[in-house]
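The block underneath contains the structure these notes are about, expressed in structure tokens.
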Number of protein chains: 2
Amino acid sequence: MLELRHLRTLIALQETGSVSLAAERVFLTQSALSHQLKQLEAYYQQPLFERKSQPLRFTLAGERLLALARDLLDKVASAERDLARIRQGEAGELRVAVECHTCFDWLMPAMDSFRQHWPAVELDIVSGFHADPVGLLLTRRADLAIVSEAEPQAGIVHQPLFAYEMVGIVARDHPLAEKKVWQAQDFANETLIHYPVPDEMLDLWRKVLLPAGVSPLRRTSELTVAIIQLVASRRGVAALPFWAVKPYLERGYVVARRIGEQGLSSELYAALRSEDAGLAYMQDFLSTVRERSFATLPGLTVLEG
Amino acid sequence: MLELRHLRTLIALQETGSVSLAAERVFLTQSALSHQLKQLEAYYQQPLFERKSQPLRFTLAGERLLALARDLLDKVASAERDLARIRQGEAGELRVAVECHTCFDWLMPAMDSFRQHWPAVELDIVSGFHADPVGLLLTRRADLAIVSEAEPQAGIVHQPLFAYEMVGIVARDHPLAEKKVWQAQDFANETLIHYPVPDEMLDLWRKVLLPAGVSPLRRTSELTVAIIQLVASRRGVAALPFWAVKPYLERGYVVARRIGEQGLSSELYAALRSEDAGLAYMQDFLSTVRERSFATLPGLTVLEG
DNA sequence: GATAATCATGAATTAAATTCATTCAAAACA
DNA sequence: TGTTTTGAATGAATTTAATTCATGATTATC
């Protein structure tokens, strides 16, 4: 018999295009999903996808179920918001402190969606780039902070959002384009172009250059497009989220390369005051961020608590 | 986490008004449902019903979930019909043979609903009251027969629809109104008013009077209202489905009494040719009949295969 | 044509849902 | 006002179902 669990699987399947990635997305094994799908197809006595191709394709019947899934899961989310409001009331305050430039790319759509669902919650962004966003929480100048490490701290809880890969980018005809994988030393004689933020907020600096004692020339720019243009003009190299550069890769302006054998992974957490962790609109904001981001940004991976 | 199972439970709860009856409806024990509901309320951290009263009442949060349930389960049904059509095609023939008068009461709404969902299926009623409706199936003059006993027969399968109680009715000032429970002998000196069908189609005759060798005076009428009027005018007594007489009981025209210690139960099955049992529109017709009937007729109970 | 990568499968395991047996609470009855 | 009956709740035992593990099959990739 059909359950919502199956529909959640279908959504993950579509968003990832493969059984194994979808399994990771819903925190199950590939095997579990394979069994689940087999059971679904047996129940409806017809195939729901063709697994031959990558990404896998839905059959007509599969598409129909997928449409059902989107419809139903939206409605469930809406009903659960209503239940939360019945329990805790409509209103509240949600001031978001952000420490990363690219965060705005996924934050804006999520905030738009949230604003519609919680019109009585005062939503705001704490502007400026602070060295210590968690301090803003404790001094009650913000209610939620987006951070890249979950450093334990009294009175603060960290909730995982998602992870993604940071890739190195250079012009197509730059010598580094030849190397499949870059190491710290490869940056030594390059100019590194980055956002104007403190060093410790740059993943590349914290996790790669600093440990290796490499200290390249530097240049900053506020805007992602400007950084891309500088790189394309051979003014230097940069490290950016894969999902942020993908559109430019497809147009061939620059090429992207892995940094380190395992790739340079960047993680995002929401930090909030422990007392606020039970607030329904807070949890719904986090769900919205995850849901919208996974649905729109390519290459995201889940992050365990 | 919410699953469709929970929503199916909520619908059953509303339709029956009690945990134990709802449990029976969804083929589970009272205990199972009690646990399930407790789990739901823990998940949403708020009460969903007040069990103090009979029938139980939904809280605001419960009502919201109930609305979700109706919406979602409708959509699931619609999607599953589409899947069935994708697999087997749209068209077919469905001629229904009916042997009981009151059947039309629940058959008409179900047929209306079905006609909208399967416009390409030729839906028809085989008119007249036949002594052997199953014969019509084998000679291919009908595709589905409504019968009150599941007599095994080669090439025919019986699918349970539902069961209900047949109650005896008399005028309020009739001596039999004093008796809480009637036995076969109580009919001996009365005039029994019934539909003009062969004796073996009357549940009262088959299950009560014939075994006891009681043979009262008889009088027939085509219409339920006419039977009620005759009874109210002290022209005799009758046995009718509880759900058919309930509106008249509430107006006080007649009173209803149990027949036999356990009550006289009437069962309904759909008989169809084995080869047709896998047809999607056939199964959907049966689901529709059950669903519509349980939702609208009071006092129905489930019938196991 | 070898080598990953992805998916499928059966058995074993784990987790979850359900039942059983009983108690508790409330309503109906005398 | 007890007494009986009915419906719901509870904890432990059980059953059922879902998931993982270990592995084999299949399909992409170089």
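These figures come from a predicted structure and were not determined experimentally. Reminder, nothing fancy here: chain letters follow the sequence lines and each chain counts from 1. What you see below is based on every heavy atom in this structure, not just the backbone, and it leaves out hydrogens, waters and symmetry mates.
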Chain B vs DNA chain C, heavy-atom contacts under 4.0 Å, first-to-last nucleotide span, 5' to 3', is C/dA17 to C/dA27

Exercise. Look at atom CZ of A/Arg70 and say whether more than 12 heavy atoms of other residues, nucleotides or ligands are closer to it than 6.0 Å.
Key: yes

Here the distance between atom C1' of D/dT29 and atom NZ of A/Lys180, to the nearest Å, is 13 Å

Of A/Arg5 and B/Ser18, the one whose nearest nucleotide on DNA chain D sits closer to the 5' end is B/Ser18

Between B/Gly17 and A/Phe27, the residue closer to the 5' end of DNA chain D by nearest nucleotide is B/Gly17

* Salt-bridge criterion met for A/Arg8 and A/Glu3 (N-O under 4.0 Å) -> no

Do B/Ser31 and D/dT10 have a side chain to base donor-acceptor pair shorter than 3.5 Å? yes

Between the main-chain N or O of B/Val302 and the side-chain N or O of B/Arg25, is there a donor-acceptor pair closer than 3.5 Å? no

Atom CD of A/Glu3 and atom P of D/dT16 are separated, to the nearest Å, by 18 Å

What nucleic acid atoms does A/Ser20 come within less than 4.0 Å of, heavy atoms only: base, sugar-phosphate, or nothing? sugar-phosphate

Using atom types as modelled and distance alone, determine if a side-chain donor or acceptor of A/Gln283 lies under 3.5 Å from a backbone N or O of A/Ala277. yes

| request: Kindly say if B/Arg51 contacts the phosphate of D/dA9, meaning a side-chain N or O under 4.0 Å from OP1 or OP2. | output: yes

Atom CG of B/Leu28 and atom P of D/dT16 are separated, to the nearest Å, by 13 Å

**Asked** Is the CZ atom of A/Arg87 crowded by more than 12 outside heavy atoms at less than 6.0 Å?
**Response** yes

Counting neighbours of CZ on A/Arg85 that are heavy atoms of other residues, nucleotides or ligands and sit closer than 6.0 Å, is the number greater than 12? yes

By side-chain contact (heavy atoms from CB on, under 4.5 Å), B/Glu190 pairs with (sequence neighbours left out) B/His174, B/Leu176, B/Val237

What residues 35-47 of chain B contributes to the DNA chain C interface at heavy-atom separation below 4.0 Å is B/His35, B/Gln36, B/Gln39

Nearest heavy-atom approach of A/Arg64 to B/Ala79 is NH2-CA, 3.4 Å

Rounded to the nearest 0.5 Å, the CD atom of B/Glu267 sits from the NE2 atom of B/His158 at a distance of 12.0 Å

Rounded to whole Å, CG of B/Leu21 lies from P of D/dT6 at a distance of 13 Å

